[in-house]
Protein chains: 2
Amino acid sequence: MAGRKYQLRKRAEGLDATRERIVEATAALHYEQGVAATSYIQIAERAGVGPATVYRHFPTLGLLVLACGAHINEAMQPPLPENAKTVFAGLGMRQQRLERLAAELDAFYERGAAWLGIAARDRDRVPELDGFLRQVEAGVEALVREAVGAGSSEAMIRLMTALADVSVWQSLKRLEAPPAEFRRTMAGLLDCASGLAAPGHANPA
Amino acid sequence: MAGRKYQLRKRAEGLDATRERIVEATAALHYEQGVAATSYIQIAERAGVGPATVYRHFPTLGLLVLACGAHINEAMQPPLPENAKTVFAGLGMRQQRLERLAAELDAFYERGAAWLGIAARDRDRVPELDGFLRQVEAGVEALVREAVGAGSSEAMIRLMTALADVSVWQSLKRLEAPPAEFRRTMAGLLDCASGLAAPGHANPA
DNA sequence: TATTTCACGAAATAATTCTCTCGTCAATAG
DNA sequence: CTATTGACGAGAGAATTATTTCGTGAAATA
């Protein structure tokens with residue numbers, strides 16, 4: 001009666017399939033309505049499973065969010081601190097590096113701004129969302145640091161990081177400028193910020 | 001049996017008092033938890049009235065939000081398009097006007113950024129919040145227009161308005177710079193933006 | 001004073017949500 | 001083939017919410 005060993009072989013496929021369906025349904029609903037506004041029952045319905053099945057796979061909302069996050073991270077490809085160096089490989093001039101930074105940020109936010117907005121809305125209610133966003137922010141800051149180099153003041157880096165935030169990108173994006181012009185504007189702002197942050201500095205031409 | 005006229009004289013005071021209590025309780029709860037996350041029952045409990053009373057005074061969430069908005073508008077004192085001219089009265093130089101603009105925006109957001117964040121979170125769910133924010137945005141844009149004067153390009157105005165958005169202010173505010181430095185930075189960014197937006201354009205002195 | 005009006009809140013109703021228990025059944029083991 | 005395992009979903013139970021009905025009492029009328 002006790003402990004006959006039981007391996008899930010073919011059953012494991014079906015199991016993973018339902019798990020996948022749940023995660024995708026959750027991601028879709030979170031995208032449409034936000035995280036906190038989505039119920040287990042809605043998820044179950046859209047995934048075509050019973051509520052109990054959702055619970056079995058993800059006993060807490062946090063686990064569900066984590067699974068979604070892993071899923072979404074793949075599509076977003078957020079900047080990773082450990083990759084920051086290679087992004088600017090071979091670029092020596094400050095101007096070039098800032099343009100590269102602007103292009104990198106723009107491409108990332110184009111992929112991920114919508115999701116970042118979703119996550120930000122409930123980050124104070126769902127700790128996992130907060131952790132997720134912190135990682136993203138760390139990646140962005142690493143990009144900024146790498147772009148301006150090691151000799152820069154902390155004040156400059158923090159100011160530029162603030163301007164590199166997704167909220168600023170979103171505000172600028174509403175202007176609907178053509179991509180090339182948009183990135184030029186962003187690089188210009190970052191350049192300007194680097195001048196502003198150092199007191200007693202004039203704006204470099 | 002029909003229609004004897006009945007004036008609420010002394011009763012009107014008590015009536016307004018409960019209405020006021022409801023509005024204040026709502027504002028507090030919206031501030032703490034957000035608009036969409038607050039229930040009628042919570043409001044009734046905090047106001048010390050029955051749920052039915054909340055319904056009688058405000059049959060829909062929209063009416064409740066409008067009443068709150070009027071309340072909050074007084075504390076926020078958002079910039080009004082019709083007052084934009086007087087804000088810059090007597091200031092001729094562009095530099096001075098931009099500093100005034102930065103100071104005005106900073107003071108306003110200091111009063112109202114928290115509420116603007118609350119409203120923005122649910123603006124797509126509650127039409128009244130969207131209308132409220134549109135009005136605020138119109139006031140900010142009017143300030144920007146007045147600051148740079150009539151001869152400026154539309155592109156410049158739109159870029160500066162984007163930078164004048166509350167989301168940018170919030171991102172910069174996290175740096176916790178001293179007030180004077182903060183406003184200098186903001187004015188510098190706006191100045192920079194005016195240069196970026198007009199390729200081959202000189203700004204009017 | 002006697003009567004009418006109406007704001008108020010207790011409580012009822014209906015709808016949703018969360019969360020778990022349990023029987024079913026296909027895949028697995030012997 | 002027979003017995004066992006464990007994923008699944010129907011559905012129950014508890015809790016919370018939205019919304020309304022109705023009796024009460026104080027203010028207003030006459």
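Just so it is clear: chains get the letters A, B, ... in the order the sequence lines come, proteins before strands, and each one is counted from 1.
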**Report entry** For A36(B) against R125(B), the heavy-atom pair lying closest together
**Finding:**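 Scanning both residues completely, I find the closest heavy atoms to be CB-NE, 3.8 Å.
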Report task. Of all the heavy-atom pairs spanning A187(A) and A102(A), show the shortest one and how long it is. Result ->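 Here A187(A) and A102(A) meet closest at N-CB, 3.8 Å.
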Query raised in the report: Would you say the side chains of T161(A) and R145(A) form a donor-acceptor pair under 3.5 Å?
Result: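 Absent: no donor and acceptor within the cut-off.
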Query raised in the report: Taking for each residue the nucleotide of DNA chain D bearing the nearest heavy atom, is the 5' side occupied by A12(B) or by T38(B)?
Result: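 So the residue in question is T38(B).
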Query raised in the report: With sequence neighbours excluded, what pairs up with E20(B) under the side-chain hydrogen bond (donor to acceptor under 3.5 Å, both in side chains) test?
Result: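 Only H71(B) meet the side-chain hydrogen bond (donor to acceptor under 3.5 Å, both in side chains) criterion with E20(B).
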Distance check needed: [N] [atom2] versus [X] [atom1], whole Å only.
{"X": "F58(A)", "N": "dC8(D)", "atom1": "CZ", "atom2": "P", "value": "11 Å"}
{"X": "I22(B)", "N": "dA7(C)", "atom1": "CD1", "atom2": "P", "value": "12 Å"}
{"X": "Q42(B)", "N": "dT19(D)", "atom1": "CD", "atom2": "P", "value": "15 Å"}
{"X": "I41(A)", "N": "dA15(C)", "atom1": "CD1", "atom2": "P", "value": "15 Å"}
{"X": "R56(B)", "N": "dA18(D)", "atom1": "CZ", "atom2": "P", "value": "18 Å"}
{"X": "R21(B)", "N": "dC8(C)", "atom1": "CZ", "atom2": "C1'", "value": "11 Å"}
{"X": "Y55(B)", "N": "dT13(C)", "atom1": "OH", "atom2": "P", "value": "18 Å"}
{"X": "L61(A)", "N": "dC18(C)", "atom1": "CG", "atom2": "C1'", "value": "12 Å"}

Measuring from the side chain of [X] (C-beta onward, heavy atoms only), which nucleotide among [options] has the closest atom?
{"X": "H57(A)", "options": "dA10(C), dA18(D), dC8(D)", "value": "dC8(D)"}
{"X": "A52(B)", "options": "dA10(C), dT21(C), dA7(D)", "value": "dA10(C)"}
{"X": "T53(A)", "options": "dC18(C), dC8(C), dG9(D)", "value": "dG9(D)"}
{"X": "V49(B)", "options": "dT19(C), dG9(C), dT17(D)", "value": "dG9(C)"}
{"X": "S39(A)", "options": "dA18(D), dT17(C), dA7(C)", "value": "dT17(C)"}

Query - Phosphate-side-chain proximity, T18(B) and dA7(C), N/O vs OP1/OP2 below 4.0 Å - result: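 Result: no.
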Requested in this report: Tell me which of L15(B) and P51(B) sits closer to the 5' end of DNA chain C, going by the nucleotide each one is nearest to.
Outcome: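 Its nucleotide being nearer the 5' end, the pick is L15(B).
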Query raised in the report: So how far is it from E110(A) CD to M76(A) CE, rounded to the nearest 0.5 Å?
Result: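 So the gap between those two atoms works out to 13.5 Å.
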Query raised in the report: With sugar-phosphate meaning primed atoms plus P, OP1 and OP2, does Y40(B) contact a base, only sugar-phosphate, or nothing at under 4.0 Å between heavy atoms?
Result: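 Answer is sugar-phosphate: Y40(B) comes under 4.0 Å of backbone atoms only.
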